[in-house]
Amino acid sequence: SLHSYQKNQKKEIENLIEQSKYAKHLCEIPQNYILEKVNGGINSEYSEHSPITSMDGSTLVYTSRHPNDINNDEQDNTGEYLEKIYYTTKNDSGDWNTPFLLDVNPTFQNHLATMQLFDNASKMLLYKSTHEGDIYYSEKVSDSVWSEPVPYSNINSTQWEADVYL
């Protein structure tokens, strides 16, 4: 009903106002941060984005647009390589190991991106550029192999779904 819609809109606006007040408060007490490039061959001249880590910080899964054996240097309409998912873990000295292409639907010839790891990094939500963009779910089989992604049929629609968080 219109009344219910207006009530929800009011709550959303009130929430945004509270977030803005908190952001203003944080600006009044600035903090110093040191940004460091991630080691281990993770950063490259190509786009890397959507990093997700395990709860203990020992696993990093991220999306990259650099060329690899799977996408055969195929580019999209922006001139960038197709997105694929990469995986790495920390070694005994606390450095990241060399990342590798994650075996999750490797022959899919379009964008495939990370969203979230959950359940002790044994499950992952990901994005595939099907039907304008859909949300998929995959389970870890071994360190480098994940199950074939399964779409969330009760979430995906004919619209663009690009992010979700549990």
Side-chain angles (χ1 to χ4, degrees), residues 1-66 75-91 94-97 99 102 104 110-140 146 149-166:
S1 75
L2 180 59
H3 176 70
S4 176
Y5 173 77
Q6 289 173 334
K7 187 176 179 181
N8 287 337
Q9 288 293 95
K10 183 178 179 188
K11 284 182 180 180
E12 185 175 336
I13 290 169
E14 289 170 352
N15 186 41
L16 290 171
I17 290 170
E18 287 303 311
Q19 289 175 359
S20 298
K21 286 178 182 177
Y22 187 65
K24 184 177 179 182
H25 167 73
L26 290 176
C27 289
E28 293 169 355
I29 51 170
Q31 302 287 318
N32 291 321
Y33 297 95
I34 297 173
L35 299 178
E36 296 178 5
K37 183 176 180 178
V38 178
N39 61 6
I42 294 167
N43 293 308
S44 73
E45 63 191 86
Y46 303 99
S47 299
E48 282 90 26
H49 63 87
S50 305
I52 50 178
T53 60
S54 58
M55 291 293 287
D56 65 2
S58 66
T59 301
L60 173 65
V61 184
Y62 64 97
T63 303
S64 180
R65 284 179 164 254
H66 64 76
Q75 297 175 348
D76 64 12
N77 59 359
T78 68
E80 290 193 84
Y81 295 103
L82 297 178
E83 295 171 321
K84 295 296 178 192
I85 298 174
Y86 288 81
Y87 181 94
T88 185
T89 56
K90 283 190 175 178
N91 59 31
D95 295 323
W96 292 109
N97 293 307
L102 193 64
V104 55
N110 223 320
H111 296 293
L112 187 62
T114 54
M115 290 178 152
Q116 183 179 10
L117 286 175
F118 62 101
D119 200 7
N120 294 321
S122 67
K123 297 175 180 147
M124 178 172 42
L125 296 176
L126 49 107
Y127 164 86
K128 285 177 70 174
S129 56
T130 55
H131 311 109
E132 298 294 324
D134 287 328
I135 298 166
Y136 283 70
Y137 164 86
S138 181
E139 290 192 47
K140 188 176 187 178
W146 289 69
V150 177
Y152 273 107
S153 58
N154 58 338
I155 296 174
N156 294 323
S157 69
T158 58
Q159 302 299 310
W160 182 51
E161 283 85 33
D163 276 310
V164 66
Y165 297 96
L166 297 178

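Only heavy atoms go into these numbers, but all of them, side chains included; no hydrogens, no water, no symmetry mates.
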Worksheet, complete the sentence: Residue set satisfying ring pair (Phe, Tyr, Trp, His ring centres under 6.0 Å) with Y87, at least two apart, ordered chain then number -> F100
Worksheet item: Of the non-hydrogen atoms in G133 and Y127, which two are nearest, and what is the gap between them?
Response: CA-CE1, 3.4 Å
Worksheet item: At what distance, to the nearest 0.5 angstrom, does CD1 of I155 lie from CD1 of I135?
Response: 5.5 Å
Discussion item. Could you walk me through whether E14 and K11 satisfy the salt bridge (charged side-chain N to carboxylate O under 4.0 Å, His left out) test, starting with their C-alpha distance in whole Å, then the side-chain angles of each, then the deciding distance to 0.1 Å, before giving a yes or no?
Written reply: CA-CA 5 Å; E14 289 170 352; K11 284 182 180 180; over 6 Å; no
Item to complete: Search all heavy atoms of P51 against all heavy atoms of Y62 and return the closest pair with its distance.
Response: CA-CB, 3.9 Å
Worksheet item: Do the side chains of D134 and P151 get nearer than 4.5 Å, heavy atoms only?
Response: no
Worksheet entry | side chain to side chain donor-acceptor pair (under 3.5 Å) partners for S44, two or more places apart | E48
Worksheet item: Should we say atom CG of N120 is surrounded by more than 12 heavy atoms from elsewhere, each under 6.0 Å from it?
Response: no
Discussion item. Once you measure the plane-to-plane angle for Y81 and Y46, does it fall in the parallel (<30°), tilted (30-60°) or perpendicular (>60°) bin?
Written reply: perpendicular
Worksheet item: When rounded to the nearest 0.5 angstrom, what is the spacing between CE in M124 and CD1 in I85?
Response: 4.5 Å
Worksheet item: Would you call the rings of Y137 and Y152 parallel, tilted or perpendicular, where under 30° means parallel and over 60° means perpendicular?
Response: perpendicular
Worksheet item: If you count the non-hydrogen atoms of other residues, nucleotides and ligands that lie under 6.0 Å from CD1 in I29, is the total more than 12?
Response: yes
Worksheet item: Is a side-chain donor or acceptor of S47 paired with a backbone partner of R65 at a separation under 3.5 angstrom?
Response: no
Item to complete: Verify the distance criterion only: is there a donor paired with an acceptor across the side chains of S54 and D56 at less than 3.5 Å?
Response: yes
Worksheet item: Considering all heavy atoms of both residues, which atom of W96 and which atom of T89 are nearest to each other, and what is their separation?
Response: CE3-C, 3.5 Å
Response to the item:
OG1 of T63 to NE2 of H49, rounded to nearest 0.5 Å, is 5.0 Å
Worksheet, complete the sentence: d(K140 NZ, W146 CH2) to nearest 0.5 Å is 6.0 Å
Worksheet item: How long is the gap from OG on S50 to CD on Q116, to the nearest 0.5 Å?
Response: 12.0 Å
Worksheet item: Is it true that a side-chain atom of T88 and a backbone atom of N97 form a donor plus acceptor pair closer than 3.5 Å?
Response: yes
Discussion item. Counting only heavy atoms from other residues, nucleotides and ligands, does the tally under 6.0 Å from CG of N32 exceed 12?
Written reply: no
